[in-house]
Amino acid sequence: QVHLVESGGGLVQPGGSLTLSCTASGDTFSVYFMRWYRQAPGKERELVATISTKSGYINYAESVKGRFTVSRDNGLNTMYLQMNSLKPEDTAVYYCEAPPDYWGQGTQVTVSS
């Protein structure tokens, strides 16, 4: 079993940056593909980024390509999402997932002037 905790959310102005963290405890973090999702009010949950166990495969939603960077440090049991050039439409609760069964509680990101 894996327990996931996201952190790093907050309020940022358009054009600003934030880095989210997802820290795992319990089972071996390094064996899991990991994903970042987000869910804006009134919208379905959206897959933002995927990273494989040793970071050899990385994929992004078209809406964040070139602005977001996913990475992981298996020694620290942590995955990151570096978010640059943030837009108001990036406002959402961001969740990490160790598929298929484990989710964090989410962290709020608000992009507003």
Side-chain angles (χ1 to χ4, degrees):
Q1 190 164 1
V2 177
H3 181 61
L4 301 173
V5 178
E6 301 96 337
S7 61
L11 173 64
V12 63
Q13 292 188 343
S17 298
L18 279 176
T19 299
L20 306 183
S21 299
C22 170
T23 301
S25 60
D27 204 350
T28 306
F29 173 75
S30 61
V31 303
Y32 289 92
F33 262 61
M34 295 294 297
R35 295 183 176 133
W36 284 103
Y37 285 81
R38 66 185 181 186
Q39 188 165 21
K43 294 189 176 181
E44 293 188 356
R45 192 169 291 192
E46 174 190 19
L47 176 60
V48 174
T50 300
I51 185 167
S52 62
T53 56
K54 295 183 179 180
S55 307
Y57 171 82
I58 290 175
N59 194 46
Y60 298 99
E62 286 296 325
S63 57
V64 307
K65 275 185 181 177
R67 300 188 298 122
F68 289 12
T69 302
V70 63
S71 62
R72 65 190 294 165
D73 186 330
N74 289 338
L76 295 177
N77 291 343
T78 302
M79 174 178 65
Y80 305 96
L81 187 68
Q82 172 69 43
M83 305 186 294
N84 297 325
S85 303
L86 283 162
K87 305 175 182 179
E89 51 263 44
D90 294 317
T91 295
V93 179
Y94 284 71
Y95 300 89
C96 61
E97 182 204 18
D101 297 320
Y102 305 113
W103 291 84
Q105 83 290 347
T107 186
Q108 176 70 48
V109 173
T110 302
V111 185
S112 175
S113 55

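All values below come from the heavy atoms of this structure, side chains included, with hydrogens, waters and symmetry mates left out. The first residue in the sequence is number 1, and the count goes up from there.
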**Q** Output the distance between atom CG (D90) and atom OG1 (T110), rounded to the nearest 0.5 Å.
**A**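 Answer for the CG-OG1 pair, D90 versus T110, is 11.0 Å.
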**Q** Is it the case that R67 places NZ or CZ above or below the six-membered ring of Y60, under 6.0 angstrom from the centre and within 45 degrees of the axis?
**A** no
**Q** What's the shortest heavy-atom distance between A49 and L81, and which atoms?
**A**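 Shortest heavy-atom contact: CB-CD1, 4.4 Å.
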**Q** Is it the case that S113 and Q13 place a side-chain donor and acceptor less than 3.5 Å from each other?
**A** no
**Q** Could you check whether any side-chain heavy atom of L11 comes within less than 4.5 Å of a side-chain heavy atom of S112, counting everything from C-beta outward?
**A**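 SC-SC contact between L11 and S112 confirmed.
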**Q** Check whether more than 12 heavy atoms from other residues, nucleotides or ligands sit under 6.0 Å from atom CD of E44, and answer yes or no.
**A** no
**Q** Are M79 and V93 joined in one hydrophobic group, where the rule is that I, L, V, M, F, W and Y side chains link up if heavy atoms are under 4.5 Å apart?
**A**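 M79 does not cluster with V93.
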**Q** Which pair of non-hydrogen atoms, one from Q39 and one from K43, has the smallest distance, and what is that distance?
**A** NE2-O, 3.1 Å
**Q** With a 4.5 Å cut-off on side-chain heavy atoms, are C22 and M34 touching?
**A**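 Contact flag for M34/C22 side chains = yes.
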**Q** For Y80, does the six-membered ring have the charged nitrogen or CZ of R72 within the cation-pi criterion, i.e. under 6.0 angstrom from the centroid and within 45° of the normal?
**A**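 Geometry flag: not set, cation outside 6.0 Å or 45°.
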**Q** Is there a path of hydrophobic side-chain contacts, each under 4.5 Å between heavy atoms of I/L/V/M/F/W/Y residues, joining Y32 to Y57?
**A**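 Shared cluster, no.
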**Q** Checking E46 against S63: is there a side-chain donor and acceptor pair closer than 3.5 Å?
**A** yes
**Q** Applying a strict under-4.5 Å side-chain criterion to I, L, V, M, F, W and Y, I'd like to know whether V48 and I58 cluster together.
**A** yes
**Q** Taking C-beta and beyond as the side chain, do S55 and S71 meet within less than 4.5 Å on heavy atoms?
**A**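 No, their side chains stay 4.5 Å or more apart.
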**Q** Between W36 and F68, is the ring centroid distance below 6.0 Å?
**A**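 No, ring centres 6.0 Å or more apart.
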**Q** Using side-chain hydrogen bond (donor to acceptor under 3.5 Å, both in side chains), reason through S17 and N84 one step at a time and then give a plain yes or no.
**A** CA-CA 4 Å; S17 298; N84 297 325; 2.9 Å; yes
**Q** May I ask you to decide if G9's main-chain N or O and Q108's side chain share a donor-acceptor pair within less than 3.5 Å?
**A** no
**Q** So L86 and L18, do their side chains get closer than 4.5 Å, heavy atoms only?
**A** yes
**Q** Check the side chains of D73 and T78 for a donor-acceptor pair under 3.5 angstrom, ignoring hydrogens and angles.
**A** no
**Q** Can you find a pair of side-chain heavy atoms, one from R35 and one from P99, that are under 4.5 Å apart?
**A** yes
**Q** Y37 and ring-ring contact (aromatic ring centres under 6.0 Å, His included): which single residue from Y94, Y95, W103 fits?
**A**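 Among Y94, Y95, W103, the one meeting ring-ring contact (aromatic ring centres under 6.0 Å, His included) with Y37 is W103.
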**Q** Any donor-acceptor pair under 3.5 Å linking the side chain of E6 with the backbone of Q105?
**A**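 The answer is yes, because a donor-acceptor pair under 3.5 Å joins these two groups.
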**Q** Is it the case that one hydrophobic cluster holds both F29 and V31, taking links as side-chain heavy atoms less than 4.5 Å apart, direct or via other members?
**A**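 Both belong to a single hydrophobic cluster.
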**Q** Say whether, by atom type as modelled, one donor and one acceptor occur between the side chain of N74 and the main chain of T53 under 3.5 angstrom.
**A**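 Yes, the answer is positive, given that a donor and an acceptor are paired below the 3.5 Å cut-off.
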**Q** Any non-hydrogen side-chain atom of L20 less than 4.5 Å from a side-chain atom of M83?
**A** yes
